[in-house]
Protein chains: 2
Amino acid sequence: MGRREDNKAKKRADLETAALQLFLGQGYHATSIEQVAAEAGVARGTFYLYFDDKEALFRSLVGAALDPAIDALVEARAALDVAQDSLQSGAAYQELGSSLVQTVMEYPEAILLFYREQRNPGPIGEWLRTRSSQLDSFVADMVRSLGERGLIRNIDPRFAALAIVGAIDRLVYAWLSGNEFGDPAQVAQEVVRLFGEGLVDQPTTTAS
Amino acid sequence: MGRREDNKAKKRADLETAALQLFLGQGYHATSIEQVAAEAGVARGTFYLYFDDKEALFRSLVGAALDPAIDALVEARAALDVAQDSLQSGAAYQELGSSLVQTVMEYPEAILLFYREQRNPGPIGEWLRTRSSQLDSFVADMVRSLGERGLIRNIDPRFAALAIVGAIDRLVYAWLSGNEFGDPAQVAQEVVRLFGEGLVDQPTTTAS
DNA sequence: AAAAAATGACAGACCCGCCAGTTTTCCTTG
DNA sequence: CAAGGAAAACTGGCGGGTCTGTCATTTTTT
């Protein structure tokens, strides 16, 4: 029977959840392998039977949450490439949005860790920023596409993407950090409206 | 003569600039006092004649950039409290904006460090987040005030503030990290327009 | 020569990754 | 089904390394 396999998988998971809590509590850098092992209830040496080092642990941990998100991004791009009308592309955006929301809801701690460590130097930070910039590029392409179809006013896509991603980033981060503000779905709609109206081409309404 | 004093001040500055480069290059946590001292050309023991520890060094370093910004915030709040018409409050906002831009232009590295370390756990991160949330609160009040005067549509000020600050945050961060995009003044205007039109009350323009 | 500044060795504390020795699990065989 | 042995899993001490903050001593300034 796979009793051995099961135990191994379980212990791996124990180490990962222990690490997740410690990383969130004191940061990746400040957490020692000793602490992770102790928290998971094993000796230091045992850790090395499951992971090469702290970095491999982190990648496994956060990758479990990020990989699905990146996959969703890739799929959305593929769907958009073959989309013929705005109905189909709208569906692709819809699908992407719900995938991303689902990922965040499923791995809130890992995503929070992603936000926390993102700006740190070193290989971990670089790895996270690579993932991050994929989203930036996607949004930039989206803005560019909408601009070319005349649906929004002319604006530097790279600039708009940073603003949009930055706003969402901060909102999600605040929410994951424990700040409460209403129904996420309603918040999402507010974001769309906020940027939607800010991006649409229209005469400048001068409020005195 | 103040020769001694001068040298002391200069050495302090040397230590700070050395630390700034190292913090930006490898992060606060990964930088040792040994490295800072070596980079500044002094022995490790000398460091402790100028700063209590690494944390005091960081606070001094980043505080030099943040304090003026916080001061500008406090002054703007005071000016808004006594402002009677929207001309005066507009001037206060204008003044605040130019102060903040000036601070960023004067201490770009320190501000970048502020963005970098902001989400890390520990006393340093908490200290930075305290400063950060002052800006959040200010913007939230601003949105609330504009809403009460009917200049923008009804929207949760806390939510709008996070979106606005998040977008600006990301743009400034990208710019400080070396991403080029045109004239900062023009970018600022774009931000105002983006959010301005997104916040104004208006019939929902449904683009098919 | 007195005062101030600078130095670097030292003690104490962690941490990493390894690995020889121990314990647990599994499976075969009588 | 029990016994026993091989294999897998686990342990914790060790060597080697880094970092901190102090302080008696040396160097520089006045």
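No hydrogens, no waters, no symmetry mates; every other heavy atom, side chains included, goes into these values. From a predicted model like this one, the values you see are computed outputs, not experimental measurements. Residue numbers start from 1 in every chain, and the chains themselves are labelled A, B, ... in the order their sequence lines are given, proteins ahead of strands.
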Counting only non-hydrogen atoms, which of residues 11-19 of chain A are less than 4.0 Å from DNA chain D?
-> Lys11(A)

In whole angstroms, the gap separating C1' of dT25(C) from CG of Asn7(A) amounts to 9 Å

What protein N or O atoms touch nucleotides 15-18 of chain C N or O atoms at under 3.5 angstrom, if any, and at what distances?
unit_1	atom_1	unit_2	atom_2	d
dC16(C)	OP1	Ile33(A)	N	3.3
dC16(C)	OP2	Ile33(A)	N	3.4
dG17(C)	OP2	Tyr48(A)	OH	2.9
dG17(C)	O6	Arg44(A)	NH1	2.7

Send over the distance from Gln26(A) CD to dC14(C) C1', rounded to a whole Å.
-> 13 Å

Heavy atoms only: give me the nearest Asn120(A)-Arg116(B) pair and the separation to one decimal.
-> OD1-O, 3.8 Å

What is the minimum heavy-atom distance between Ser89(B) and Ala83(B), and which atoms define it?
-> N-CB, 3.9 Å

May I ask you to say whether Asp169(B) pairs ionically with Arg119(A), meaning some side-chain N is under 4.0 Å from a carboxylate O?
-> yes

Between Arg158(A) and Glu190(B), is there a side-chain N and carboxylate O pair less than 4.0 Å apart?
-> no

Charged N to carboxylate O under 4.0 angstrom, Arg144(A) versus Glu148(A)?
-> no

Is any side-chain N or O of Tyr50(B) closer than 4.0 Å to OP1 or OP2 of dA6(C)?
-> yes

Please give, in whole Å, the distance from dT27(D) P to Leu49(B) CG?
-> 17 Å

Parallel, tilted or perpendicular: which fits the ring planes of Phe138(B) and Tyr93(B), with parallel below 30° and perpendicular above 60°?
-> perpendicular

Between the first and last five pairs of the helix from dA1(C)-dT30(D) to dG30(C)-dC1(D), the angle of the axes, rounded to 10 degrees | 0°

Roughly, in whole Å, what's the span from CZ in Phe47(B) to C1' in dC19(D)?
-> 13 Å

Which residue pairs pass the ring pair (Phe, Tyr, Trp, His ring centres under 6.0 Å) test with at least one member in residues 36-82 of chain B, sequence neighbours excluded?
-> Phe23(B)-Phe58(B), Tyr28(B)-Phe58(B), Phe47(B)-Phe51(B)

Residues 73-82 of chain A, side-chain donor-acceptor partners within the protein, below 3.5 Å, at least two apart:
unit_1	atom_1	unit_2	atom_2	d
Arg77(A)	NH1	Asp141(A)	OD2	3.1
Arg77(A)	NH2	Asp141(A)	OD2	3.1

Give the C-alpha distance, both sets of side-chain angles, the deciding distance and a yes or no for side-chain hydrogen bond (donor to acceptor under 3.5 Å, both in side chains) between Ser86(B) and Arg149(B).
-> CA-CA 10 Å; Ser86(B) 58; Arg149(B) 282 190 274 159; 5.1 Å; no

What pair of heavy atoms forms the shortest contact from Ala37(B) to Ala43(B), and how long is it?
-> CB-O, 3.8 Å

For residues 25-42 of chain A, which residue pairs qualify under salt bridge (Lys or Arg N to Asp or Glu O under 4.0 Å), counting only residues two or more places apart or in two chains?
-> Glu34(A)-Arg44(A)

